Amino acid sequence: MHRRTLLASGLAAGLALPGLARAQNAPLKLIVPAPPGGPTDILARALADKAQVSLDRPVVVDNRAGAGGIIGTEAAARSAPDGNTLVLGHNQTHASNQSMMQRLPYHVTDSFAPVAKLATVHHALVVPANAPDKTLADLIARGRKERLTYASSQAGSASHVISETLSRREKLDATHVPYRGAAPAATDTVAGIVNFYVATFPSVAPLVREGRLRALEIGAPARLKDFPEIPTAAEAGAPYLAVDAWFGLFAPAGTDAAVVKRIADAMLAALGEADVAARLAGAGFTPDPLPPAEFATFQRAEVERWAEMARLTGVTMEG
């Protein structure tokens with residue numbers, strides 16, 4: 001009996017090894033559901049350059065932008081679970097979309113195997129540099145007396161949800177103006193076409209540094225070293241605005257757990273390298289590593305959190 005068990009175990013291992021070997025030797029495609037040059041792309045390429053050495057296989061970044069990240073994310077969900085495809089997802093593609101879209105072409109948890117949480121970025125509320133609002137309290141007071149407009153990078157995005165949360169909690173008279181991306185939203189905020197915009201800070205930091213936008217708060221646990229003048233959301237009296245954007249790697253559901261672990265180990269090791277950390281810090285990322293099991297638990301909690309925020313605000317991807 002013991003001999004038969006050993007033979008069966010050996011046979012099972014032998015059947016599993018060829019697939020594992022193929023996954024370890026073939027090029028690893030990392031889908032980035034965003035255009036080249038942006039923060040998500042910077043994160044992907046910083047990790048790909050370093051991790052391919054320890055993985056002993058090429059890591060090829062594949063930018064597939066469109067539909068707020070849905071196009072690239074769907075492509076990953078439909079890929080074979082052979083350990084040769086990853087997608088760099090975030091809180092929208094792999095959490096909030098599930099509750100904010102009636103027809104999503106994938107399931108944010110069921111369609112994927114979480115690989116590793118990588119980093120977070122903070123959101124900040126910005127106003128035009130010549131706006132009369134010097135503090136968040138000033139903006140709130142004005143919004144209770146007159147109609148304001150606020151930008152978002154897309155209907156249903158985190159910037160939309162956070163802004164609507166502020167509007168509802170503080171009873172502001174504020175109208176949502178959705179844009180197709182962070183750049184046009186920031187541009188019109190600079191021009192004063194809209195009154196405020198909640199943005200991922202890396203996307204507006206240069207404009208704040210140049211004095212073209214004023215940041216009234218940032219959702220960080222402490223003031224930023226390079227921007228000590230910006231109060232935290234808690235200091236500004238609105239701790240509920242401290243909602244981070246997060247980024248992580250996902251493989252198609254059914255990918256072998258051993259392959260997932262190997263990739264996660266390599267990516268998290270790369271994340272800890274000093275040159276990678278410096279490169280990401282320059283782009284506004286804060287390393288926030290989690291291995292597969294812990295990341296899966298985190299993601300499930302985020303799906304529930306965003307579903308509750310969607311319920312409270314009534315925000316959807318349609319408007």
Side-chain angles (χ1 to χ4, degrees), residues 38-40 42-43 90-92 119-144 148-154 157-170 172 174 176-177 179 181-247 277-288 309:
T40 310
I42 291 172
L43 174 58
H90 46 74
N91 49 283
Q92 183 172 330
T120 61
V121 296
H122 306 300
H123 287 93
L125 188 150
V126 295
V127 298
N130 61 356
D133 319 297
K134 306 301 182 184
T135 67
L136 182 62
D138 292 342
L139 180 70
I140 290 172
R142 185 155 71 104
R144 289 172 176 169
L148 301 178
T149 55
Y150 70 85
S152 78
S153 58
Q154 178 190 12
S157 63
S159 63
H160 182 191
V161 175
I162 298 168
S163 298
E164 190 61 24
T165 299
L166 170 69
S167 179
R168 294 196 178 214
R169 287 186 66 124
E170 302 297 344
L172 308 184
H176 175 222
V177 182
Y179 287 81
T187 298
D188 275 11
T189 307
V190 169
I193 295 173
V194 291
N195 298 116
F196 69 94
Y197 171 38
V198 173
T200 53
F201 191 63
S203 69
V204 295
L207 298 171
V208 173
R209 185 178 288 111
E210 295 166 7
R212 300 171 67 190
L213 288 175
R214 179 186 303 128
L216 303 186
E217 61 81 27
I218 187 166
R223 295 198 181 204
L224 301 185
K225 178 181 177 181
D226 293 340
F227 296 86
E229 74 281 5
I230 305 175
T232 66
E235 290 174 330
Y240 55 85
L241 293 180
V243 180
D244 288 333
W246 53 262
F247 298 81
R279 186 173 173 183
L280 297 183
F285 289 100
T286 299
D288 193 9
M309 292 175 71

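Everything numeric in this text was worked out from a predicted model, so none of it was measured.
Here the straight-line distance linking atom CD1 of I140 with atom CD of E170 works out to 4.0 Å at 0.5 Å rounding. Here the CG-CD1 distance, from L224 to I218, works out to 4.0 Å after rounding to the nearest 0.5 Å. We find the CG-CZ distance between N130 and R212 to be 12.0 Å, quoted to the nearest 0.5 Å. Between atom CG of residue L139 and atom CG of residue D133 there is a gap of 4.5 Å, rounded to the nearest 0.5 Å. Rounding to the nearest 0.5 angstrom, the gap separating the NE2 atom in H90 from the OG1 atom in T40 is 5.5 Å. Between R279 atom CZ and I42 atom CD1 the span is 7.5 Å, to the nearest 0.5 Å.
No donor-acceptor pair closer than 3.5 Å links the side chain of S167 to the backbone N or O of E164. Judged by distance alone, the side chain of D288 and the main-chain N or O of T120 form no donor-acceptor pair under 3.5 Å. A distance-only check finds no donor-acceptor pair linking the side chain of R144 to the backbone of L172 [under 3.5 Å].
Taking the charged nitrogens against the carboxylate oxygens, E235 and R223 do have a contact shorter than 4.0 Å, which makes a salt bridge.
Contact annotation: the side chain of E217 never approaches that of I230 to less than 4.5 Å [non-hydrogen atoms, C-beta and beyond].
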Side-chain donor/acceptor pairs under 3.5 Å, residues 183-196, sequence neighbours excluded:
{"residue": "T187", "atom": "OG1", "partner": "A183", "partner atom": "O", "Å": "2.9"}
{"residue": "D188", "atom": "OD2", "partner": "Y179", "partner atom": "OH", "Å": "2.7"}
{"residue": "T189", "atom": "OG1", "partner": "A185", "partner atom": "O", "Å": "2.7"}
{"residue": "N195", "atom": "OD1", "partner": "T149", "partner atom": "N", "Å": "2.8"}
{"residue": "N195", "atom": "OD1", "partner": "T149", "partner atom": "OG1", "Å": "3.3"}

In residues 197-211, what donor-acceptor pairs under 3.5 Å come from side-chain atoms, sequence neighbours left out?
{"residue": "T200", "atom": "OG1", "partner": "S203", "partner atom": "OG", "Å": "3.3"}
{"residue": "S203", "atom": "OG", "partner": "T200", "partner atom": "O", "Å": "2.6"}

Please tabulate, for the side chains in residues 121-128, all donor-acceptor contacts under 3.5 angstrom to protein atoms that are two or more places apart in sequence or on a different chain.
{"residue": "H122", "atom": "ND1", "partner": "G219", "partner atom": "O", "Å": "3.2"}
{"residue": "H122", "atom": "ND1", "partner": "D244", "partner atom": "OD1", "Å": "2.7"}
{"residue": "H123", "atom": "ND1", "partner": "V243", "partner atom": "O", "Å": "2.6"}

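For A141, the side chain to side chain contact (heavy atoms under 4.5 Å, CB included) test picks out no residue, with sequence neighbours left out. Considering only residues two or more places apart in sequence or on other chains, T286 meets the side-chain hydrogen bond (donor to acceptor under 3.5 Å, both in side chains) condition with none of them. Under the rule for a side-chain hydrogen bond (donor to acceptor under 3.5 Å, both in side chains), S163 has no partner lying at least two apart in sequence or in another chain.
The minimum heavy-atom distance linking L148 with G143 is given by the pair CD1-CA, 3.5 Å. Residues G237 and P239 come closest through the heavy atom pair C-CD, 3.5 Å.
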From CA spacing to verdict: side-chain contact (heavy atoms from CB on, under 4.5 Å), L216, T135: CA-CA 5 Å; L216 303 186; T135 67; 5.6 Å; no
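Classification of the H176-H160 ring pair by plane angle, with boundaries at 30° and 60°, yields parallel.
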